[in-house]
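Whatever order the structure lists them in is the order used to number ligands and atoms, beginning at 1. Residue numbers count from 1 along this sequence.
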Amino acid sequence: MFASAPNFLVCVAFSLFRTSSAVGTPFGLAAGTTGGGSATPAVPSSLAQLTTWLSDSTARVILLDKIYDFTSNDGTTTGTICKPWTCSPNPQFAIDANSWCEKEQPNAAKSKATYPVAGTKPLVVGSNKTLLGKGSSGGIKGKGLKITGAHNIIIQNIKITDINAQYVWGGDALQIDGGSNIWVDSNYVATSAIMFQHIGRQMVVTGYGAVTKTTFSNNVFNGDSTYSATCNGCHYWVALFTGAGDQITFALNYLYKTSGRGPHVGGSSGKFQNVHVYNNYFVSVAGHAVDPEVGSKILLEGNYFNAVTTPALSGAGQTYIPTTAAQTAACSALLGRACVANVLLSSGSLQAGTDAGTLNGFTAATFKSASIKAAAAVPSYVQAHAGVGIVN
Ligand SMILES: *[C@@H]1O[C@H](CO)[C@@H](O)[C@H](O)[C@H]1NC(C)=O
């Protein structure tokens with residue numbers, strides 16, 4: 001009997017510890033990611049301390065127990081904006097960053113606007129960090145996160161919201177330009193808020209540096225917005241993966257009221273990306289979801305599209321999108337398992353992607369052994385598990 005007592009104590013200590021460190025185990029390509037590991041979780045006492053802790057070279061578990069509001073942190077600026085979208089009501093405007101208006105939208109009407117600088121200066125995230133929200137109350141407002149060539153990062157259970165929602169180029173929620181072992185899980189981004197709502201531009205975006213061993217899972221991408229590029233209350237700029245060699249798992253996410261880039265993969269010649277998009281729940285997408293552009297290989301399986309105008313564009317990328325029994329079975333030769341069919345409800349037709357060459361990009365063990373649910377199980381699972389307040 002005495003011998004079992006210490007074991008009992010160890011278990012209690014372990015479960016207490018688990019309430020403050022990353023919850024669950026990274027899966028998909030981010031398997032093995034540890035973030036700040038066993039560092040003692042700590043709550044930053046100020047915006048400045050959060051900024052330092054995220055960017056320094058110490059392994060940390062940073063616990064957010066409230067919204068850190070950076071909106072006024074860097075003051076305001078007045079500059080040129082243009083109006084590339086002439087729809088109504090409430091089109092987004094574009095900040096003339098790097099002369100984008102002159103270069104890309106020379107005919108767009110111009111004016112001046114005053115807006116917070118914070119959104120355009122993201123928080124730098126270094127290697128070996130866990131950024132974890134407590135309950136449903138942790139998050140960052142007015143500023144996003146930027147990872148540049150850093151490794152071993154977990155971002156879990158936080159909200160990222162309200163980053164210059166009216167302005168494209170007003171800020172991204174999460175940018176990653178090069179990096180590996182990154183797990184972005186159970187967050188809530190909204191254009192007004194990562195994980196994502198009320199964001200000016202991208203909810204998530206990769207640059208040209210390779211982003212590998214990375215998983216986006218259980219996140220809510222809430223596109224419900226006042227301002228949009230499509231003037232339909234749905235955010236266009238959801239997920240954009242363009243790195244030279246991106247290797248990404250995108251699974252079990254909830255995309256709601258978006259209108260584009262869900263995700264957009266590829267688009268630059270000579271750059272290649274492999275993205276495994278599975279068991280996501282797409283709801284009320286008034287536009288398109290998957291956008292496969294040149295250089296991309298996308299395996300799209302077991303997703304559920306509910307009221308999605310265009311589930312996938314037929315772009316220049318390579319896709320494998322099984323919708324029939326013969327197409328799911330055809331995966332066996334390269335993956336050693338059947339693929340899982342996608343399901344549509346009240347949605348536009350999903351053109352089957354049958355480019356078998358796509359599957360050559362998914363022969364690694366991670367893809368072969370992926371545990372993929374039947375699409376019919378996805379709506380209830382994702383609604384119960386995605387977003388903040390469910391873990392930790
Ligand atoms: C991250 O942790 C690993 C393993 O402890 C270490 O080798 C590496 O130097 C750390 N990186 C930074 C930037 O501190």
**Asked** Are any non-hydrogen protein atoms located under 4.0 Å from atom 4 (C) of ligand 1?
**Response** no
**Request:** Give a yes/no on ligand 1: does Gly126 have at least one heavy atom closer than 4.0 angstrom to it?
**Result:** no
**Asked** Taking only heavy atoms of Ser57, which atoms of ligand 1 are found under 4.0 Å from at least one of them?
**Response** 14 (O)
**Asked** Are Asp246 and Thr206 linked by a side-chain donor-acceptor pair shorter than 3.5 Å?
**Response** yes
**Asked** Going by atom types alone, do Ser180 and His151 pair a side-chain donor with an acceptor below 3.5 Å?
**Response** yes
**Prompt:** Which protein heavy atom lies closest to atom 2 (O) of ligand 1, and at what distance to 0.1 Å?
**Reply:** Asn128 ND2, 2.3 Å
**All side-chain contact (heavy atoms from CB on, under 4.5 Å) counterparts of Ala94, not counting sequence neighbours** = Cys82, Pro84, Trp100, Val168, Trp169
**Heavy atom of protein closer than 4.0 angstrom to atom 14 (O) of ligand 1** = yes
**Prompt:** Is at least one protein non-hydrogen atom found at under 4.0 angstrom from atom 9 (O) of ligand 1?
**Reply:** no
**Prompt:** Taking only residues two or more places apart in sequence, or in another chain, which ones meet Asn128 in a side-chain contact (heavy atoms from CB on, under 4.5 Å)?
**Reply:** Ala59, Asn152
**Message:** Quiz question: by atom type and distance under 3.5 Å, do the side chains of Asn157 and Ser186 form a donor-acceptor pair?
**Reply:** no
